[in-house]
Structures are given as structure tokens and as C-alpha cells.
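Note sheet for the following structure.
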Amino acid sequence: MKISLIGYRGTGKTTIGAKLAEDLHLGFIDADQLLQERAGRKISEIFATDGEPVFRQLEADLIHELANSKESFVLSTGGGVILRPENRAALQSAGPVVWLKATPRTICTRLKLDSATAHQRPALLAETKPDHTPEEQMLYEVTTLLARREPFYQETASFDVTTDERDETQIVREILEKLVDLKIQSHR
Ligand SMILES: Nc1ncnc2c1ncn2[C@@H]1O[C@H](COP(=O)(O)OP(=O)(O)OP(=O)(O)O)[C@@H](O)[C@H]1O
Ligand SMILES: O=C(O)C1=C[C@@H](O)[C@@H](O)[C@H](O)C1
Ligand SMILES: [Mg+2]
């Protein structure tokens, strides 16, 4: 069984996934990190050299492999994993799927402060607004993509957890409570 974390960039999938795995005494795999290790390149390099479709195929191959492995672990995914129906189905079939939510403002604040942003989070929207400052452009990208992706996160998730203005401990505690509720429901 895998417990997968999905959600937009900066919602805390990597941070929360590692802590959740520790609390559950399970292994932890971060799909973005494993993909970069295997490719021997940063995600931003893959986007710049080969383009987003090549990255999406590498991501889909990895998700397929991980979802079908026999091991149990916590799996943190890349923010765009829900774009492909085969990824959504693979994650659902592997076990509970937790959707970490945050508002666009929270996401932008976290991404600006995070040093991983430069190499792991290339811009996703080609459309740039000439009158926008870099901050406004980032908020525009996050707001636009989040609105587009929300139905897919919703469809894939077993449940969601809000992360705005909450620390790791509170978020992990809510995930653990909801995992117990899910197990009780499945036995009814
Ligand atoms: N609950 C939280 N409160 C404050 N900051 C947080 C919280 N969760 C994560 N962060 C911070 O936000 C940044 C992004 O977190 P993280 O890398 O875990 O997100 P992610 O969902 O894995 O992003 P990506 O999809 O790009 O991999 C990090 O700097 C992290 O320390
Ligand atoms: O939201 C996205 O589409 C992405 C999020 C990151 O986790 C990486 O998987 C990559 O930068 C793409
Ligand atoms: Mg991550």
C-alpha cells in the first residue's frame, strides 16, 4: 500500500510526506527527486532542453513503476501528476491519496522563499503579461493553473487537508486522523 500526496507546487508534499512517513515508520519516496536522480538532471534542465512533454512522460513512467511496486511507502508527487488520467488511476489503485491545499498567496510566499524553486520549478505558463511584475506573474500563473487543475486533484483525492497557516505537526495529525476514518469507512 502507498499513501500518496498530491497538490500544487508549494503545498508541502515533500515536507509533509517525509514527516508522515517518519511517523508511520514507512519508507518515503519523492517522485520529483527520484526522477531527477535517475535522469541525472534537474527538472528545470529537462524542461529547458527536452520540453515539458518529455518530463511528463518520464513522470508517468515513474508513477506507473512506483504504483505497481510491492513495497509500502509514502509517495510525494510532482504538482502536475494529476494531469494524466493514467497517473490519477495508478495513484488511486495504490492506496489513499491525500490532497494538500493552499491558497495562491500562500503558495507564492512559500515558493519565493524556497531555494529549490530555481531548479525544480520552471515556469509553466508560456503566456506572460507584459505589465506584470515577477510577483504578479507568479500569482497569475498559480491562480490560473490551480483553477484548471482543481477538478483533477478533487477527482483523485481520498480526502483533502488545508495547509494555510498550519505547521507540519498539525497537518500530519489531521492526515493521520483522516486515514483512520477512511479505514473505518472501508470496513463498514
Ligand atoms: N505548512 C507549512 N507552513 C509553512 N511553510 C511550509 C509548509 N509546508 C511546506 N512549507 C515550505 O514551503 C516550501 C515548499 O514545500 P515543499 O517543497 O514541501 O512543497 P511541494 O508541494 O513538495 O512542492 P513541489 O510540488 O514543487 O515539489 C518549502 O520551503 C517548505 O519548507
Ligand atoms: O506543477 C507542476 O506541473 C510541476 C510541479 C513540480 O513538482 C515538478 O514536478 C515540475 O516542476 C512540474
Ligand atoms: Mg515536492
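Whatever order the structure lists them in is the order used to number ligands and atoms, beginning at 1. Only heavy atoms go into these numbers, but all of them, side chains included; no hydrogens, no water, no symmetry mates.
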Contact check: [X] vs ligand 2, nitrogen or oxygen atoms, below 3.5 angstrom:
| X | value |
| --- | --- |
| Phe55 | no |
| Arg121 | no |
| Thr77 | no |

Would Asn87 and Thr156 satisfy side-chain contact (heavy atoms from CB on, under 4.5 Å), going step by step from the backbone distance to the final call? CA-CA 9 Å; Asn87 295 346; Thr156 314; over 6 Å; no
Looking at [X] and [Y], what are the two nearest heavy atoms and their distance?
| X | Y | result |
| --- | --- | --- |
| Pro96 | Leu182 | CB-CD2, 3.8 Å |
| Ile82 | Arg88 | O-NH1, 2.7 Å |
| Ala21 | Gly27 | CB-O, 3.6 Å |
| Leu139 | Pro104 | CD1-CB, 3.8 Å |

Donor on one side chain, acceptor on other, [X] and [Y], under 3.5 Å:
| X | Y | result |
| --- | --- | --- |
| Glu127 | Tyr140 | yes |
| Asp61 | Gln57 | yes |
| Thr106 | Thr103 | yes |

Regarding [atom]: of the candidates [options], which has the closest heavy atom?
| atom | options | result |
| --- | --- | --- |
| atom 15 (O) of ligand 1 | Thr15, Ile43, Leu113 | Thr15 |
| atom 14 (C) of ligand 1 | Thr163, Thr162, Asp114 | Asp114 |
| atom 12 (O) of ligand 1 | Arg110, Lys19, Arg9, Gln170 | Arg110 |

Check if [X] has a non-hydrogen atom at a distance under 4.0 Å from any atom of ligand 2.
| X | answer |
| --- | --- |
| Tyr8 | no |
| Arg56 | yes |
| Lys13 | no |

Give the contacting part of [X] toward ligand 1: side chain, backbone, both or neither, where contact means a heavy-atom distance below 4.0 Å.
| X | result |
| --- | --- |
| Leu100 | neither |
| Asp30 | neither |
| Arg121 | side chain |

I'd like to know if the side chain of [X] and the backbone of [Y] have a donor-acceptor N/O pair within less than 3.5 Å.
| X | Y | answer |
| --- | --- | --- |
| Ser4 | Leu91 | no |
| Lys13 | Gly7 | yes |
| Gln36 | Ile43 | yes |
| Lys2 | Val97 | no |

Distance from [X] atom [atom1] to [Y] atom [atom2], nearest 0.5 Å?
| X | Y | atom1 | atom2 | answer |
| --- | --- | --- | --- | --- |
| Asp30 | Thr14 | CG | OG1 | 3.5 Å |
| Arg173 | Lys19 | CZ | NZ | 9.5 Å |
| Arg105 | Arg110 | CZ | CZ | 14.5 Å |
| Ile29 | Leu26 | CD1 | CG | 11.0 Å |

Please list the nearest protein heavy atom to [atom] with its residue and the distance rounded to 0.1 Å.
| atom | result |
| --- | --- |
| atom 1 (N) of ligand 1 | Arg166 O, 2.8 Å |
| atom 4 (C) of ligand 2 | Arg9 NE, 3.5 Å |
| atom 27 (O) of ligand 1 | Asp32 OD2, 3.4 Å |
| atom 25 (O) of ligand 1 | Lys13 NZ, 2.6 Å |
| atom 1 (O) of ligand 2 | Arg149 NH1, 2.7 Å |
| atom 23 (O) of ligand 1 | Gly10 N, 3.0 Å |

Is the distance from the Mg ion (ligand 3) to the nearest N/O/S atom of Thr77 under 2.8 Å?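 False for Thr77.
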So do the side chains of Asp50 and Arg41 get within less than 4.5 Å of each other, counting heavy atoms only?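 In contact.
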Decide yes or no for Ile63 and Thr77: does some side-chain heavy atom of the first lie under 4.5 Å from some side-chain heavy atom of the second?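 Yes, close enough: below the 4.5 Å cut-off.
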Atoms of ligand 2 close to [X] [distance to a heavy atom under 4.0 angstrom, numbered from 1]:
| X | result |
| --- | --- |
| Leu124 | 1 (O), 2 (C), 3 (O) |
| Gly80 | 1 (O), 2 (C), 3 (O), 4 (C) |
| Gly78 | 7 (O), 9 (O) |
| Ile43 | 8 (C), 10 (C), 11 (O) |
| Asp32 | 6 (C), 7 (O), 8 (C), 9 (O) |
| Pro122 | 11 (O) |

Could you tell me whether some N/O pair between Gly12 and ligand 1 is separated by less than 3.5 angstrom?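 Yes, Gly12 has an N/O under 3.5 Å of an N/O on ligand 1.
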Counting each atom of ligand 1 from 1 as listed, which ones have a heavy atom of [X] under 4.0 Å away?
| X | result |
| --- | --- |
| Gly79 | 25 (O) |
| Tyr8 | 21 (O) |
| Ile171 | 1 (N) |

Could you tell me whether ligand 1 has any atom less than 4.0 Å away from a heavy atom of Gly7? no
Using heavy atoms and a threshold below 4.0 Å, how should the contact between Lys42 and ligand 2 be classified: side chain, backbone, both, or neither?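 It is neither; nothing of Lys42 touches ligand 2.
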